[in-house]
Q: 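Take this structure first; my questions come after.
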Amino acid sequence: MKGYCEWLTEMYVSDLKREFYDVILGKRVLIFVNFDVDAIASCRILQYLLLCDSISYSIIPVQNQNDLISAYKESCEQSNHIILINCGGTLDIVEHLEPTEEKVFFIADSHRPYDVCNIYNDGQVCLLGKSSEKEEIPSYEDIFGNDDDNDESSDHLDGEESDEEEGDEEEIRESKSKRQKLDPAEMVMRRREKRLWHEKRKEILFNYMQFSFYSSSTALLMFELAWKLSRDSNDLLWWAIIGVGEQQLLGKVDSKTSVLDNGKLQSHMIRLAHLSQHGGDSAGTKDALYITHEKDLNLSMYRHWSLLESLKYTPQTASHFHLWTLKGEKKLNEFLAELGLPLSQCRQKYNSMDIELRNDLRSIFQKKVEKYDLEDLIEYSFNSQYGFRPKNSASDFVFALLALLDSAEKDKDPADAFHDALECLSNSKMDAVYRGIELAKLQQIAIGKEVHACLDMGHVINAGPCLYAVIQDGTPDAKYYGHPHSLLMLGQFLLKAHISRARGRGLRARELPLIISAPSAIRPSHCLLLGLPPLSLDSPKNLIGKAFEQAAENTQTEITSVFFDSSVIEINSEFRSNFLDSLFSLLE
Amino acid sequence: MFAQKGVELIQELERAKDFLPPFNEDGVRQVLEEMRALFEENQRDASSAVAGESEYITSVHIRHCALERNKRCLMAYLYNRLERIKEHRWHFGSVLPADIKANICEPEAQFFIKYNKSLAAYMKSIGEGSYSLDLTQNLKPPKNLYIQVKCITEFGEFETEDGDIVVLKKNSLHLLPRVQCELLIAQGILEHVS
């Protein structure tokens with residue numbers, strides 16, 4: 001049994017070069033990519049590697065499970081090697097896609113938990129990366145073990161197996177005679193054992209599947225593959241940084257993972273900088289990409305905005321100063337006055353501010369953050385610069401990409417949005433990035449206004465086991481947050497703002513999850529539902545996904561989880577209230 | 001002036017550098033007529049020179065020079081046209097586009113067919129086994145054999161030369177051999193993305 005298990009843990013492919021890249025070398029591969037920034041960044045790195053080795057590929061963007069299945073059915077004939085980026089890990093691939101035997105799936109997915117059938121299978125599904133202790137994957141014996149080590153007792157449970165044996169009469173007689181030999185007490189014992197085991201299995205699986213969360217970024221994994229192939233460069237590193245940056249910006253990973261990831265990225269950055277210094281390639285330095293890791297203001301896109309607006313629409317500062325009130329605005333002005341930043345300068349575009357102010361901006365803020373209890377305003381961030389062009393931070397890119405991804409509307413195909421975002425990640429296309437940033441600003445303004453409106457109108461309702469907020473159909477700017485990413489940002493902003501306002505009894509709100517709903521921008525008459533874990537937990541582990549599934553089962557409602565994240569679902573607006581009622585009673 | 005027409009022919013060819021102008025039959029005929037006239041006059045004067053009138057010898061000489069020049073102009077005209085036709089063969093392949101076809105005359109068409117044949121025979125002879133090497137592909141060494149393309153229409157299955165099947169679904173990205181994409185890009189099914 002032990003040997004068997006050792007073989008099974010091999011489903012984790014940790015030696016990416018030998019067990020993954022060398023396998024696909026010279027073959028045709030089919031790649032399915034999810035719609036998130038991390039997936040796009042990983043896809044870009046992989047594209048570069050495949051181009052270097054002339055591995056012909058086809059990339060198909062997929063949004064949800066049904067998309068994946070139909071796209072697979074359409075194009076599975078073209079290749080036996082299939083790579084899934086940030087999708088599929090949580091589905092039982094073999095069951096859903098029904099692949100023929102020669103297909104091999106490589107899954108690079110940051111969604112957790114993995115489906116147990118993907119972890120333990122006969123080699124058709126390979127999970128890229130290492131398993132981590134944190135995931136608490138149940139052992140093989142606990143969930144499958146009894147099925148095959150004890151044929152006799154499983155016969156009466158396992159209908160199929162006994163069906164197969166019917167043809168072979170001799171065997172049946174043998175097994176019957178064996179069974180007769182067992183005395184009834186033993187039979188009862190075995191049955192009892194079996195039942196206990198099944199109950200235990202159910203419990204283990206429930207505990208395992210209960211929370212949905214994210215592991216470290218797939219882009220980083222791909223970058224490490226590039227590094228092992230000695231194909232790493234600053235460009236690739238920058239893409240990896242963007243992938244990691246998305247996870248951190250949207251709060252998908254806990255602080256421990258993000259510190260570790262940043263550490264890895266930083267050491268790669270230093271190594272590459274060292275290499276290029278000693279490589280003596282001075283001709284290309286004018287257009288070369290510089291990456292730096294430095295303390296920077298943690299304000300949304302302030303390099304492309306005015307400081308005042310950036311302060312106003314950054315969730316941390318907005319909820320800290322209560323910027324939706326008159327008093328809050330006065331407080332902000334007071335803060336700026338104490339910093340010694342003239343209002344006229346703060347209203348300017350950042351690029352037109354006084355150069356002296358711009359150069360000292362961080363140290364100016366640094367002096368006062370402690371007094372105002374805004375320590376998280378200054379954090380380490382990765383910044384990049386092409387030649388002598390203005391500096392951009394990784395979060396600027398992430399905002400741009402997210403805004404472009406969320407720019408699909410009724411008449412714009414989501415896949416176009418995907419390609420727009422992918423286009424941002426090529427060195428010469430800074431225009432695409434700037435377009436994305438302009439879009440992101442509009443989005444942030446809309447989100448800020450909506451938070452303001454929700455708080456003023458008291459739209460955040462305490463339903464007992466959770467908070468919920470519904471953005472009604474026909475809200476003017478609804479098109480901006482009818483997408484999963486922007487709705488997530490809205491939700492996080494709203495939760496933060498709501499809690500910063502709460503006092504006394506309201507503080508219990510810290511321990512409540514938030515359910516937020518908005519009309520979908522792509523499919524009319526449908527709406528998105530998104531669940532956020534409580535702020536007090538300080539961990540992005542989310543149990544709403546499981547609750548959504550359960551509630552859908554109870555109410556017989558059809559839900560589609562969007563972007564393979566179980567905590568974001570799409571549902572027909574008619575069934576929403578019914579669904580929510582059932583959800584609340586579940587969460588009690 | 002002698003040989004004016006012949007120079008005009010060459011100038012005409014020179015002016016149309018990027019394409020093949022229609023075969024100037026009229027111009028060629030005029031040059032030939034001029035040459036015949038020169039030749040007849042020369043013959044007459046030459047016969048009288050033989051008879052003993054030596055003062056005609058210089059004019060015969062000049063006319064002969066003009067004849068030679070006309071001949072060279074015509075040869076240059078025809079030769080350069082053929083060179084251009086050869087160039088088109090490498091550029092467009094064995095079937096010429098209709099607008100070029102309209103501009104060539106019958107003997108030139110014959111030449112084109114023969115040139116095609118010998119090129120094909122040569123290409124067949126240098127390949128290994130049953131494969132023949134297409135010399136007209138990749139005249140300059142390509143940076144990459146594969147290019148990245150985006151599919152912009154719903155096309156369906158496409159079989160590549162080496163037997164792989166690619167499903168060209170709208171909005172999917174592919175890395176395909178350059179050779180096979182060229183036609184599809186020209187048809188507007190694929191789009192090259194950098």
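Throughout, a chain's letter reflects where its sequence line sits, starting with A, and its residues are numbered from 1.
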Q: Do you know which of A:L402, A:L401, A:V398, A:V37 makes side-chain contact (heavy atoms from CB on, under 4.5 Å) with A:H485?
A: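 It is A:L402; the other options fail the test.
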Q: Please say whether more than 12 non-hydrogen atoms of neighbouring residues, nucleotides or ligands are located less than 6.0 Å from NZ in A:K228.
A: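 Yes - once you tally the heavy atoms of other residues, nucleotides and ligands closer than 6.0 Å, there are more than 12.
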Q: Under a 4.5 Å heavy-atom cut-off, does chain B meet the side chain of A:L422, its backbone, both or neither?
A: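 For A:L422, side-chain heavy atoms alone lie under 4.5 Å from chain B.
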Q: Indicate whether the side chain of B:H61 and that of B:S59 have a donor and an acceptor atom separated by less than 3.5 Å.
A: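 No donor-acceptor contact under 3.5 Å links the two side chains.
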Q: Between A:D416 and B:K170, does at least one N-O distance fall below 4.0 Å, as a salt bridge requires?
A: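 A salt bridge is absent here (no side-chain N lies under 4.0 Å from a carboxylate O).
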Q: Among B:S172, B:G156, B:P177, which has the most heavy-atom pairs under 4.5 Å with chain A?
A: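 Highest number of heavy-atom pairs under 4.5 Å: B:S172.
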Q: With a 4.5 angstrom heavy-atom cut-off, which part of A:E74 approaches chain B: side chain, backbone, both or neither?
A: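 When you check distances to chain B, atoms from both the backbone and side chain of A:E74 fall under 4.5 Å.
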Q: Where on A:E423 is there a heavy atom nearer than 4.5 Å to chain B: the side chain, the backbone, both, or neither?
A: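 Neither part.
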Q: Against chain B, work out which of A:A415, A:S54, A:S75 has the most heavy-atom pairs shorter than 4.5 Å and name it.
A: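 Among A:A415, A:S54, A:S75, the one with the most close pairs to chain B is A:S54.
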Q: For the residue pair A:N34 and A:A39, what are the closest heavy atoms and their distance?
A: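 Minimum heavy-atom separation between A:N34 and A:A39: O-CB, 3.4 Å.
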